[in-house]
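What follows is a single structure, written as structure tokens, with notes after it.
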Amino acid sequence: MAISRDEVLVWIKTCAAVLAENCAYLVELDAAIGDADHGANMDRGFRAVMDKVPGIADQDIGTILKTVGMTLVSTVGGAGGPLYGTFFLQAGMKTVGKMEMNLDEWTAALGAAVDGVIARGKAEPGDKTMVDALSPAVNALRQASLANETLAQALKDSAQAAKIGMEATIPMVARKGRASYLGERSAGHQDPGATSSYLLLKTAAEVWVKD
Amino acid sequence: MAISRDEVLVWIKTCAAVLAENCAYLVELDAAIGDADHGANMDRGFRAVMDKVPGIADQDIGTILKTVGMTLVSTVGGAGGPLYGTFFLQAGMKTVGKMEMNLDEWTAALGAAVDGVIARGKAEPGDKTMVDALSPAVNALRQASLANETLAQALKDSAQAAKIGMEATIPMVARKGRASYLGERSAGHQDPGATSSYLLLKTAAEVWVKD
Amino acid sequence: MKKLINHPEDVVREELEGVALAHSVLVKVHFDPNYIARIQAPVKNKVALVSGGGSGHEPMHGGFVGYGMLDAACPGAVFTSPTPAQMLAATKAVDGGKGVLYIVKNYTGDVMNFEMAAELARMEGIQVESVVIDDDVAVQNSLYTAGRRGVGSTVLAEKICGAAAEEGHLLSEVADICRRVNHFGRSMGMALTSCTVPHAGKPTFDLPEDEMEIGIGIHGEPGRRRMELKPADEIVEMLIEPVIRDLPYKSGDEILLFVNSMGGTPLIELYIAYRQAHQIAIKHGLKVIRNLIGSYITSLEMAGVSITLLKLDEDLKRLWDAPVHTPGMRWGM
Amino acid sequence: MKKLINHPEDVVREELEGVALAHSVLVKVHFDPNYIARIQAPVKNKVALVSGGGSGHEPMHGGFVGYGMLDAACPGAVFTSPTPAQMLAATKAVDGGKGVLYIVKNYTGDVMNFEMAAELARMEGIQVESVVIDDDVAVQNSLYTAGRRGVGSTVLAEKICGAAAEEGHLLSEVADICRRVNHFGRSMGMALTSCTVPHAGKPTFDLPEDEMEIGIGIHGEPGRRRMELKPADEIVEMLIEPVIRDLPYKSGDEILLFVNSMGGTPLIELYIAYRQAHQIAIKHGLKVIRNLIGSYITSLEMAGVSITLLKLDEDLKRLWDAPVHTPGMRWGM
Ligand SMILES: Nc1ncnc2c1ncn2[C@@H]1O[C@H](COP(=O)(O)OP(=O)(O)O)[C@@H](O)[C@H]1O
Ligand SMILES: Nc1ncnc2c1ncn2[C@@H]1O[C@H](COP(=O)(O)OP(=O)(O)O)[C@@H](O)[C@H]1O
Ligand SMILES: [Mg+2]
Ligand SMILES: [Mg+2]
Ligand SMILES: [Mg+2]
Ligand SMILES: [Mg+2]
């Protein structure tokens with residue numbers, strides 16, 4: 001069982017819809033410990049991605065993901081732009097020429113994506129950033145594939161891991177990003193980037209798990 | 001029965017106290033149709049007058065009133081400064097050398113004071129200014145002296161006339177001063193300057209009427 | 001009341017002390033009576049310009065004292081015109097023997113106090129002329145009222161007359177140029193919020209989240225009418241159309257477009273307003289050849305904007321472009 | 001939300017259209033990708049200066065494009081750093097063959113986007129250096145965090161480096177001067193009110209009538225701590241003492257004192273703050289030989305103030321005094 005190119009397109013489109021829905025929510029989270037723009041940034045970026053989608057619908061997964069990455073880099077700005085841009089660019093590198101991905105291939109792609117985010121942002125788990133949602137999700141995928149779980153189960157596990165990681169950011173004192181300026185005051189708030197990361201992985205599980 | 005120099009001094013000092021008490025009230029009236037400073041202006045002016053009083057306590061009524069006028073001109077500013085300054089300067093001219101005033105002399109002094117205000121500000125009764133409180137007060141004094149009323153009664157009459165004139169400004173649409181910029185919107189508010197004028201004359205009646 | 005102040009009664013004095021410390025190269029500040037004079041004053045054989053008004057309109061007028069603009073400014077209490085005592089002292093301090101021009105905004109208090117000051121100055125043998133600025137089209141003009149308020153054109157008049165004085169014109173000539181600016185200039189303003197007079201301690205008027213005041217002056221007074229909040233483009237249209245209508249600017253006229261913040265409106269919004277004002281001016285065939293955008297004549301921290309149009313002729317253009325060096329306006333040097 | 005705008009999503013574009021109409025003599029505005037370039041760009045054989053950041057800080061950075069300051073500015077969405085695409089396009093447009101200096105405020109987003117832009121520009125054979133400004137003493141510096149924010153010193157660095165570039169210095173030399181400004185400059189700010197990001201539609205944080213935020217940045221983010229409102233003199237002391245302590249300015253040092261409005265605080269309050277800041281500087285034996293007072297690096301309509309001290313040496317003094325002609329800063333020409 002695998003994820004087809006068309007399913008990747010469905011994922012991207014659904015992410016655009018989900019981020020649009022959650023725009024105000026992400027802005028609110030960012031208002032508490034940042035500058036109240038994360039939702040608008042992601043929404044702007046994925047609206048630009050949607051304009052690109054028709055032109056790349058017949059391409060391979062790698063080309064699609066790299067195009068998403070380039071589009072985010074050139075339209076989002078802020079911290080989210082370079083980070084999510086790198087995320088999709090790196091995932092795209094790992095899937096060049098592929099018309100479908102199995103669990104191991106998706107695991108490798110997401111792993112590369114998260115490594116890219118870490119390389120670009122130099123954040124470690126515990127810094128109260130998107131990395132706190134992304135890293136556990138990759139680990140969950142890796143364990144699932146070692147345990148020979150089904151793709152469906154693995155996707156659910158990674159989404160669940162991202163959710164736990166996202167919620168774990170609430171008590172954290174930020175050490176990276178804008179929230180770090182608040183020092184102790186950043187504790188008690190959920191990180192907006194970790195939240196948008198969870199939304200992307202939750203959406204993947206929802207659109208790719210068919211039963 | 002007459003008003004002595006010392007009673008004039010008591011009047012001035014009491015006016016200073018009354019205007020200080022009513023500072024916030026006059027500011028509020030001015031906020032509605034002006035620029036929220038009439039109370040502060042009058043209070044500032046009469047505090048300066050209080051500093052001058054000790055130095056002129058042994059002078060004649062005319063000197064005292066002219067000093068009050070000069071002090072107001074040089075410390076109040078706004079519309080109130082020149083108008084009340086002229087008011088006291090003109091009253092002072094009429095009482096040069098006097099150590100006391102009878103009803104006719106006070107009537108002449110107040111008449112000259114109000115003529116000075118009208119000459120300086122070019123306002124007519126009905127323009128919604130201090131003139132609407134001052135003119136009726138002068139007329140009341142004149143009638144009282146024609147009717148050979150007592151000084152006490154005359155002072156009460158003039159204060160009463162000023163009160164009615166002040167209240168009559170409420171429905172008026174301002175044609176002079178800052179309130180005129182509001183056009184129709186100036187109706188429904190009592191004029192601050194008419195109110196401070198009433199306070200001066202009411203105080204005169206209170207401190208000069210002894211029974 | 002949220003202000004960066006100490007005690008309300010110290011606001012004007014402490015502000016003036018700040019000006020004195022900040023701009024000792026350009027101006028000297030005199031206290032009791034309060035006035036700000038150009039450091040070189042009196043400038044011999046130059047007509048001296050004196051203006052003044054209530055405080056709370058900064059940078060006007062104190063920020064406009066210096067080369068090519070005012071010789072002295074008299075700051076009154078907040079929103080209260082200064083006294084003849086201040087004006088007389090300033091007049092004596094800056095008269096360079098060629099006479100003194102008073103630039104007076106048309107408010108009863110300002111007019112009466114400057115009148116008294118002029119009477120006193122003339123008694124002392126100083127030649128004084130006064131020009132009253134009344135450019136606010138929000139106020140219906142009439143013989144029976146206080147007439148129009150003096151607003152945005154005052155800033156332009158002070159710059160242009162200052163340059164004329166530097167050119168060496170006579171008092172009567174500088175006064176004529178001032179009247180020309182007043183004749184060619186018109187303004188209208190609006191408020192998104194009220195402002196708080198320090199000693200009053202609370203907003204002069206309450207304005208709901210979804211309403212605005214159109215046709216306000218510069219003393220926090222309510223405007224001609226209150227209406228629901230509109231998009232910037234509509235607001236600007238409501239301000240500039242009456243201005244253009246009032247002074248029949250002809251298609252082809254060259255104008256200066258002045259978009260002013262009332263104090264609390266930031267530059268990003270001013271440029272959005274400027275965009276629409278410029279576009280409408282063009283629609284009317286006007287040539288916007290000069291502009292001024294920023295906080296120049298304010299009403300404390302009030303959020304809002306005023307728009308001033310000034311028709312330019314060759315003289316006014318030359319005088320506008322002439323060098324000026326004051327704390328609030330500087331170019332060419 | 002009370003703003004003079006049309007639709008939140010049009011704020012930046014319409015503001016830029018206003019700038020284009022207002023300052024066509026000084027700058028040209030390019031859309032998609034958005035950047036403001038000096039009208040003469042590219043200036044041959046001059047190091048080009050490029051800066052940028054989120055919108056909402058006007059006049060920074062777009063208002064600082066022109067002779068003696070920036071060659072280009074890249075405005076992002078409100079409070080959102082611009083993209084590498086904007087920076088690359090601006091870099092190509094202004095490179096005069098002598099290399100391009102990026103002046104970057106230390107925010108994760110700004111740093112990463114300028115990093116990517118520099119990588120792309122170098123691939124295209126353009127010589128690029130970046131200097132990151134991090135002068136906000138409100139933020140504890142540490143290797144493990146994002147570090148200090150870039151605030152007031154950015155304005156001073158853009159003026160001083162612009163003058164250095166006009167003098168014909170090499171890219172490495174202009175970059176060194178920029179680092180010197182960052183090394184000699186320190187800032188701290190506070191807020192009396194929050195600000196409202198247009199697309200958010202409501203204030204970023206709620207601040208009761210009797211409270212203030214100390215140690216804020218320029219993105220409407222809450223500060224280091226919230227406390228009860230204090231008199232201006234105490235507030236200024238709370239801001240300037242940590243600044244002076246952080247960079248041991250020696251008694252006798254010559255400094256530039258920069259008192260900045262966050263956007264909604266009017267000039268009358270700035271001078272009251274300046275007065276106290278200047279007095280405290282003197283108490284510490286510092287010589288205030290230059291100053292800057294006004295709205296230069298803002299946070300939309302936020303009411304509040306920031307104070308920046310810059311130690312001056314002969315070079316920095318000369319470069320500060322050098323002529324500059326931009327929409328937001330002008331003297332000497
Ligand atoms: N150094 C970093 N590494 C990883 N993620 C980061 C880093 N800095 C910030 N982030 C993420 O970016 C999010 C904020 O994104 P956004 O609001 O779009 O950018 P900005 O902070 O520039 O406004 C934060 O919630 C955090 O999850
Ligand atoms: N032309 C005038 N003639 C007489 N009284 C006037 C005139 N203009 C204004 N006033 C009086 O002055 C009062 C306002 O005084 P004040 O607030 O001290 O001055 P300002 O209007 O300059 O702030 C008004 O309430 C009105 O009674
Ligand atoms: Mg953000
Ligand atoms: Mg008043
Ligand atoms: Mg007044
Ligand atoms: Mg941001």
Side-chain angles (χ1 to χ4, degrees), chain B residues 23-24 26-45 47-48 69-86 89 117 119-124 126-129 173-186 189 193, chain C residues 8-9 33 52-54 56 74 76-88 107-117 120 136 138-140 142-149 194-205 215-226 299:
Chain B
C23 180
L26 292 171
V27 161
E28 205 162 294
L29 290 175
D30 199 28
I33 57 173
D35 58 353
D37 63 357
H38 186 58
N41 294 349
M42 297 304 288
D43 184 40
R44 182 176 57 251
R47 272 194 274 107
M70 281 312 301
T71 308
L72 294 179
V73 167
S74 54
T75 58
V76 175
L83 292 167
Y84 279 115
T86 304
L89 280 170
V117 168
R120 178 61 70 188
K122 319 226 172 5
E124 291 164 8
D127 286 351
K128 196 181 183 101
T129 71
V173 172
R175 280 191 302 260
K176 283 281 186 294
R178 213 173 275 294
S180 66
Y181 306 137
L182 290 175
E184 298 299 328
R185 285 181 79 178
S186 62
H189 301 278
Chain C
E9 57 276 15
C74 305
V78 172
F79 292 167
T80 303
S81 106
T83 66
Q86 293 172 257
M87 299 161 183
L88 181 62
Y107 299 96
T108 306
D110 296 63
V111 170
M112 291 191 297
N113 284 284
F114 269 105
E115 250 167 32
M116 290 182 123
L120 297 169
D136 186 350
V139 177
Q140 268 71 18
S142 149
L143 283 178
Y144 311 103
T145 67
R148 287 178 159 174
R149 295 174 289 222
S194 179
C195 59
T196 298
V197 176
H199 59 248
K202 55 182 170 45
T204 304
F205 55 85
I216 51 134
I218 55 171
H219 299 84
E221 62 270 66
R224 294 296 296 189
R225 61 187 203 282
R226 179 171 293 200
S299 194

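Labels below follow one simple rule: chain letters A, B, ... track the order of the sequence lines, proteins then strands, and each chain is numbered from 1. Note that this is a predicted model, so its numbers are computed, not measured.
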Practice item. Please look at C:A200 and chain B and tell me whether the side chain, the backbone, both or neither of the residue comes under 4.5 angstrom of a heavy atom of that chain. Key: both
Review point. C:G76, C:G220, C:P84, C:P82: which one forms the most heavy-atom pairs within less than 4.5 Å of chain B?
Key: C:P84
**Study point:** Nearest-0.5 Å distance, CD1 of residue B:I33 to OG1 of residue C:T204
**Key:** 13.0 Å
**Study point:** Between OG on residue B:S74 and CG on residue C:N113, distance to nearest 0.5 Å
**Key:** 10.5 Å
Review point. If we only count heavy atoms from C-beta on, is the B:R44 to C:E9 side-chain gap below 4.5 Å?
Key: no
**Study point:** Max heavy-atom pair count under 4.5 Å with chain B, selected residue of C:E221, C:R149, C:Q86, C:E115
**Key:** C:R149
Review point. Going by heavy atoms in the side chains, are C:M112 and B:T86 under 4.5 Å from each other?
Key: no
Review point. Once you round to the nearest 0.5 Å, how far does OG1 of C:T108 lie from NZ of B:K176?
Key: 8.0 Å
Point to revise | Per-residue contact mode, B:R120 against chain C (heavy atom under 4.5 angstrom) | key: both
Review point. Can you say whether B:E124 sits under 4.5 Å from chain C via the side chain, the backbone, both, or neither, judging by heavy atoms?
Key: neither
Review point. Which atom names give the shortest non-hydrogen contact between C:R224 and B:Y181, and what distance separates them?
Key: NH1-O, 2.7 Å
Practice item. Answer whether the closest heavy-atom distance between the side chains of C:K202 and B:E28 falls below 4.5 Å. Key: yes
Study note, to complete from the structure: Honestly, the part of B:A174 sitting under 4.5 Å from a heavy atom of chain C is neither
Review point. Any side-chain heavy atom of B:R185 within less than 4.5 Å of one from C:R226?
Key: yes
Practice item. Taking all non-hydrogen atoms of both residues into account, name the closest pair between C:V78 and B:D37 and its distance. Key: O-OD2, 4.2 Å
Review point. Closest heavy-atom contact between B:V76 and C:T80?
Key: O-CG2, 3.4 Å
**Study point:** Considering all heavy atoms, the nearest C:P222-B:L182 contact
**Key:** O-CD2, 3.3 Å
Exercise for review: Sort out for me which of B:A179, B:A79, B:A123 touches chain C most, counting heavy-atom pairs under 4.5 Å.
Suggested key: B:A79
Practice item. Please confirm whether the backbone N or O of B:V27 pairs with a side-chain atom of C:H199, one donor and one acceptor, at under 3.5 Å? Key: no
Review point. So what's closer than 4.5 Å to chain B heavy atoms on C:F79: side chain, backbone, both or neither?
Key: both
Point to revise | Side chain to side chain, B:V73 and C:M116, heavy atoms closer than 4.5 Å | key: yes
